[in-house]
Every structure is written in C-alpha cells, then in structure tokens.
Peer 1: 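What follows is a structure written as structure tokens; I'll ask about it next.
Here the structure is a predicted model, which is why all the values come from computation and not from measurement.
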Amino acid sequence: MDSLLFLCARCVVSQHPLPALPADLYHVLFQVAFLDGRPLVLRDLVTTWPFPVLHLQRLVGHRELLRDHDCTFCIKAIIQGVVAQLQRELEEPGRHSSLRVLDMTGLSDSVSGDTPVGLTVWFSTEAFAKRPTPQPTGMEVHTDLCVERRSYEILRDALQTGAASPLRLKCREFQAVDISVFKIVTLLESLDPSFVRRVNLCFNYFGLTGLSVILPHLSRFPELRSLKLQCNNVDVQHLMPESATGIRCVARQLGMLPSLRELNLGSSRLSGNLHQILCDLQTPLESLELPFCSLVPADLAFLSQSIHAPALKRLDLSGHDFSQGLLEPLRLLLQETSASLLCLDLMECRMADSHLDVLLPTLLRCSRLRFLRLYGNSLSTAALKDLLQKTLELPNLHLVVYPVPKDCYNPEPSEFHSDFGEVLDEELFEATKVQFSQILINSGRTDLIWTYNPNGHRALDYFYL
C-alpha cells in the first residue's frame, strides 16, 4: 500500500508545469514521476535539481521493479533535463547548477543499456560540440553500457564525441556481445580508464588469439575488479604449437590487472591448463566462475593449493561430471574454501544421492554459505530432505535452488521412440514441496528460500555482496 506522502506526490506530478517546490520533496516526486511514466515532469525536476548528485537506482528502487516499466522515454527526459541545466549555464553567465553527476549505474540493460543512454547522450554532446566556447562547467553521466552490433556506432560516437563535451559519459560496467575484436578494442580505448570496474565480453567467439589482443587494453583500467569472458571459444584443451605462447600471453596480461577480484571463464575448454592461465595473478580472487570448462582433477587440485581457495566467496563449477574422478578433488577444494565461501553453484553436475552424501559434511563446514544451487542433478526426495534438515544449521544460508526430485518422475512410453521417457508427477511433486515448506516452518527458518526454479531469483549479487 502506498504511503500518504506517495499519494500526495502522485497528485502533484499530475500537474504540468509543476509549482514551485521545496528541495526535500524532489526525491519522492522524482520517484513517482518515473514509476508513473511522466517524462515531461521528470525533465522539469532534473532541470531544477537542487542537489549535486542524482542517483537513479537509489531513487526508483530495485531492478525487479524497473523491469515492469518501459523506461526509454523517461531516460531520455532525464538526460534532456541535464542538458537543459547546462544550457541555462550558457545563457546565464555566472550561474552554476547544483547537479554535477547523473548516476544511472546498477540498472538493468533494458533501462540503461545501448539506445536510451547512448543515443540521447550522443545527440546532446553533438549539440554542445557545435557551440562556441566558453562551454559550461562539466557534468558527468555515470552508466553501465551494453553494446551489440546494432548499437556499436551509436556508443562509439557518444563516447568519442563526449570526450570534448561538457556532458561526459563515464562507464562503470562495460558489456560487449557478438562484436569483433577491433570494435571491442575501439570502445575500450574510448572509456575513462579511472572509472571502469567491470568488463563483460560474452558470445564474441574471438578465441585465444582474440583474447590475447584484447587483454593488453584492459591494463589501462587500474580499478578493474571483474572480468567475464564466457562463451568466447577459448580452447586450451586441444593445444597447438602456437597455443603455449598464447596461454603465456593471456596469463601475463591477467597478472597485470592489480584490482581483479572476479573472473568468469565460462564455457572455455581449459582441461589441465587452469594453472597456466591463473599463474601470474598476484592477488587472490574472490569470485571464480568456471562452468562447463572441461576441468580435470589436476585443475581442482591446483585451485585447492592456490592463493585463491581461502579467499573465494563465489565458486561456480556447473556442468562438470562429479560422478567420477572429480568428486574427491571437489571435496578437498570445498574444504579449503569453507571459511570464506558465500555462493556455490553446482548445476548439472551429474550428482546422485551418494555423491551428495560425500560432499555434505564439507558443505556443513561452509558456515558463511548464503546461496547453493544444485539444479539439474539426479537427487531423490530423501536426499533433498536430508540436505534441507542438515543445512538448517547454516545461519546465513538464504537461498537453495534444488532439482525436481528424481522420484517425482514417472516413466512413460515415448510417442516417437521405443525407449522410455519421463514425465513429472505433478501431484507427487506438489506434495513434496509442501513437505519442504513444512520443515522450514517447523524449524523457524522461514527466511530460507528453497526453490526448484533456477531463474526465479536473479539477484545472485545480493547473496555475494
């Protein structure tokens, strides 16, 4: 239910133009205007914003709330309000606006991504570029940017034109999807090196050779904390004569990122070469994501003995077969990470009840664990009940994503094949979920979420941070 202040603010923003307003009402009026989709009101509020910083996510709430809104026109209106402030400084010499930073970081791609921010800032910076000097005092737009093929030119021009404009675009998190190595490097060279914290290069398929070209350009970002390189066709499993040089180059460049704490090499084929990739890192990683990386026991043995194991807060080893020789190396690795681990992802690891039995005593030593994902493993209702009851003693555990129990499926003849498929027994599964819920209620752990939906809780960073 909305508060009385919120309801009164909704009445105010229904008027246009707005009446004169005290400064302490700006925040709630901005929130209401954004959520109600009133771009003209937003533009007017930003034009007269009485504070030095406007942080969009702090004002309008969490990402889940924003996903329900088409925010394109609101985003454009906000940037237009910033431009209007700068124009007033030009038209009224000696006047200095209060607003100096528009912070749009932390929003979903649909809100702060390619077209709304990039296109609007590009047109705005183009307008200022054509103006004679003197220019107004600079204003910064902080944002997270995602670039694809269709948006590359827009963002390139926005970044390059903005370098000489009073409206400066600063990127905190840069994501590139399915574009060439040349385009990635061009954009990286256009970013403010002091501001970048995260780089996410996914589905670009540049291979080990392309990665060797890109990594040197990341060393200009002294505060780069997170690097994601999933699904880029990096293959050091099938070594060619030239591969040794490439691996050494990648390792050396990773070692030149002093602030790196998070690394994702998802879907890279690394069998037996993880040590060669990570050997030059001087600082322990806090997050290491290696899903579907074809790891072998030697890779997990290296991690167990590395500087990273005691520091890891997040570990993703999804997509590996722990039913065979990897189970004991995994147990030893979890033993080394038990004091720090917050998030563990073991999705689709071919684990059965017996494998979970082996891991469970070590899991219970992970006293800080907040998130556990076991989706896609062949576990029974009895094994999951045992897991639930025993992990109740983990005080920080908040979310468990479990697989549909294997005994909730019934074999059924396939229409197209002579063998048997499986169909979910909905009634039995519903009864099983009730049992899980009742255990949580009886234990007083209603804060602990148990879900079979792998996509139902997207905010994994919440559990990590």
Side-chain angles (χ1 to χ4, degrees), residues 288 290-292 295-301 303-305 309 312 314-411 422 424-425 428-429 431-440 442-443 445 448-454 463:
L288 183 58
L290 301 170
F292 302 93
L295 300 180
V296 298
D299 294 315
L300 297 189
L303 279 181
S304 297
Q305 300 164 17
L312 282 176
R314 174 189 288 171
L315 178 63
D316 186 351
L317 295 173
S318 297
H320 291 92
D321 186 354
F322 290 110
S323 68
Q324 302 296 328
L326 284 174
L327 186 62
E328 180 60 14
L330 172 62
R331 190 190 68 79
L332 294 175
L333 175 57
L334 293 179
Q335 188 171 300
E336 296 300 320
T337 63
S338 60
S340 59
L341 196 62
L342 304 181
C343 303
L344 177 62
D345 200 331
L346 298 174
M347 181 183 72
E348 297 183 13
C349 288
R350 299 190 180 183
M351 283 199 298
D353 294 359
S354 60
H355 309 124
L356 184 59
D357 286 341
V358 172
L359 291 179
L360 190 50
T362 308
L363 280 176
L364 295 177
R365 295 180 57 185
C366 300
S367 58
R368 301 180 63 197
L369 194 66
R370 300 181 188 177
F371 172 89
L372 175 63
R373 183 156 72 162
L374 297 171
Y375 183 84
N377 291 290
S378 183
L379 302 173
S380 68
T381 299
L384 289 171
K385 279 186 180 179
D386 185 53
L387 175 69
L388 171 53
Q389 291 169 333
K390 290 180 177 177
T391 53
L392 291 172
E393 67 185 58
L394 296 176
N396 297 311
L397 189 61
H398 185 82
L399 174 61
V400 176
V401 182
Y402 64 91
V404 175
K406 63 180 183 180
D407 45 296
C408 289
Y409 288 97
N410 292 323
E422 289 183 323
L424 179 64
D425 186 327
L428 181 58
F429 184 41
T432 300
K433 288 190 291 183
V434 170
Q435 293 178 47
F436 292 161
S437 298
Q438 195 60 52
I439 292 173
L440 292 170
N442 292 343
S443 66
R445 285 298 307 271
L448 175 54
I449 301 169
W450 262 59
T451 178
Y452 64 94
N453 184 353
F463 302 103

Peer 1: As a quick check of understanding, evaluate side chain to side chain contact (heavy atoms under 4.5 Å, CB included) for Phe322 and Leu346, giving each step before the final call.
Peer 2: CA-CA 9 Å; Phe322 290 110; Leu346 298 174; 4.1 Å; yes
Peer 1: Look at the side chain of Ser338 and the backbone N and O of Cys366, then say whether any donor-acceptor pair between them is shorter than 3.5 Å.
Peer 2: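 No.
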Peer 1: Hey, could you give me the CG/CE distance between Leu327 and Met351, rounded to the nearest 0.5 Å?
Peer 2: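 Reported value, rounded in 0.5 Å steps: 8.5 Å.
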Peer 1: Establish, yes or no, whether a centroid distance under 6.0 Å links the rings of Tyr409 and Phe429.
Peer 2: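 Centroid distance Tyr409-Phe429: not below 6.0 Å, so no.
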Peer 1: Drop me the distance from Leu392's CG to Leu397's CG, to the nearest 0.5 angstrom.
Peer 2: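 Going from the CG atom of Leu392 to the CG atom of Leu397 covers 8.5 Å.
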Peer 1: On a heavy-atom basis, which atom in Ala309 and which in Leu333 lie closest, and how many Å separate them?
Peer 2: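 Closest approach of Ala309 to Leu333: CB-CD1, 4.3 Å.
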Peer 1: Would you please say whether a donor-acceptor pair under 3.5 Å links the side chains of Ser380 and Asp407?
Peer 2: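 No, no side-chain donor-acceptor pair sits under 3.5 Å.
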Peer 1: A side-chain contact here means heavy atoms from C-beta on lying under 4.5 Å apart; do Leu288 and Arg314 qualify?
Peer 2: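 The answer is no; the side chains never approach within 4.5 Å.
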Peer 1: On a heavy-atom basis, which atom in Pro405 and which in Thr432 lie closest, and how many Å separate them?
Peer 2: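 Heavy-atom minimum between the residues: CG-CG2, 4.0 Å.
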Peer 1: Closest heavy-atom contact between Leu360 and Lys390?
Peer 2: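 In this case the closest contact between Leu360 and Lys390 is CD2-CD, 3.5 Å.
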Peer 1: Any donor and acceptor pair, going by atom type alone, linking the side chain of Thr391 with main-chain N or O of Leu394 inside 3.5 Å?
Peer 2: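 Such a contact is absent between Thr391 side chain and Leu394 backbone.
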Peer 1: Nearest heavy-atom pair of Pro297 and Leu326: which atoms, and what distance?
Peer 2: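 Closest approach of Pro297 to Leu326, heavy atoms only: N-CD2, 3.5 Å.
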Peer 1: Distance-only, no hydrogens or angles: does the Thr337 side chain make a donor-acceptor pair with backbone N or O of Leu312 under 3.5 Å?
Peer 2: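 Such a contact is absent between Thr337 side chain and Leu312 backbone.
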Peer 1: Scan Leu334, Val400, Leu341 and name whichever one has a side-chain contact (heavy atoms from CB on, under 4.5 Å) with Leu369.
Peer 2: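 With Leu369 as partner, side-chain contact (heavy atoms from CB on, under 4.5 Å) holds for just one option, Leu341.
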Peer 1: Nearest 0.5 Å please: distance from the CZ atom of Arg350 over to the CG atom of Asn377.
Peer 2: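 That separation rounds to 10.5 Å.
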Peer 1: Taking atom CG of Leu374 and atom CG of Asp345, what is their separation to the nearest 0.5 Å?
Peer 2: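 The distance works out to 8.5 Å.
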Peer 1: Can you name the nearest heavy-atom pair linking Gln335 to Thr362, along with the distance?
Peer 2: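 Nearest heavy atoms, Gln335 then Thr362: N-CG2, 3.5 Å.
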Peer 1: With side chains defined as the heavy atoms from C-beta onward, is the minimum distance between Val401 and Tyr452 less than 4.5 Å?
Peer 2: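 With C-beta onward as the side chain, the pair stays apart.
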Peer 1: Kindly indicate whether the side chain of Leu399, heavy atoms from C-beta on, has any atom under 4.5 Å from the side chain of Arg370.
Peer 2: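 Not in contact.
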Peer 1: Run the salt bridge (charged side-chain N to carboxylate O under 4.0 Å, His left out) test against Asp425 and tell me which residues pass, sequence neighbours left out.
Peer 2: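 So Asp425 forms no salt bridge (charged side-chain N to carboxylate O under 4.0 Å, His left out) with any residue.
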Peer 1: Start with the C-alpha gap between Glu393 and Leu364, add the side-chain angles, then the distance that decides, and say whether side chain to side chain contact (heavy atoms under 4.5 Å, CB included) holds.
Peer 2: CA-CA 8 Å; Glu393 67 185 58; Leu364 295 177; 4.2 Å; yes
Peer 1: Please check if the side chain of Asn442 supplies one atom and the backbone of Gln438 the other of a donor-acceptor pair under 3.5 Å.
Peer 2: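 Between the backbone of Gln438 and the side chain of Asn442 there is a qualifying donor-acceptor contact (under 3.5 Å).
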Peer 1: To the nearest 0.5 Å, what is the distance between CH2 on Trp450 and CG on Leu384?
Peer 2: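 These two atoms lie 5.0 Å from each other.
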Peer 1: Can you establish whether the number of heavy atoms outside Tyr375 located under 6.0 Å from its atom OH is more than 12?
Peer 2: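 Counting neighbours around OH of Tyr375, 12 or fewer heavy atoms of other residues, nucleotides or ligands fall under 6.0 Å, so no.
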Peer 1: So, does His320 use its side chain to make a donor-acceptor pair with the main chain of Ser318 at under 3.5 Å?
Peer 2: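 Yes: the side chain of His320 pairs with the backbone of Ser318.
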Peer 1: Please give me the minimum heavy-atom distance between Asp353 and Ala383, naming the atom from each residue.
Peer 2: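 Taking Asp353 first and Ala383 second, the nearest heavy atoms are OD1-CB, 3.3 Å.
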Peer 1: Atom OH of Tyr402 and atom NZ of Lys385: how far apart are they, to the nearest 0.5 Å?
Peer 2: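 It is 12.0 Å, given to the nearest 0.5 Å.
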Peer 1: Measuring only between side-chain heavy atoms, which start at C-beta, is Leu330 closer than 4.5 Å to Leu317?
Peer 2: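 In short, these two side chains touch, coming nearer than 4.5 Å.
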Peer 1: For a 4.5 angstrom cut-off between non-hydrogen side-chain atoms, does Ile449 reach His398?
Peer 2: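 Yes; the side chains approach each other to less than 4.5 Å.
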Peer 1: Are the side chain of Asp321 and the backbone of Ser323 linked by a donor-acceptor contact shorter than 3.5 Å?
Peer 2: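 Yes, Asp321 side chain to Ser323 backbone: donor-acceptor pair under 3.5 Å.
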Peer 1: Does the side chain of Asn396 come within less than 4.5 Å of Ser367's, by heavy atoms?
Peer 2: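 Heavy-atom side-chain distance check fails, nothing below 4.5 Å.
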Peer 1: Are any non-hydrogen side-chain atoms of Ile439 and Gln389 less than 4.5 angstrom apart?
Peer 2: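 Contact flag for Ile439/Gln389 side chains = yes.
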Peer 1: What verdict does the side chain to side chain contact (heavy atoms under 4.5 Å, CB included) test give for Thr381 and Cys408, after you've listed the backbone C-alpha separation in whole Å, the side-chain angles of each residue and the deciding distance to 0.1 Å?
Peer 2: CA-CA 8 Å; Thr381 299; Cys408 289; 4.2 Å; yes
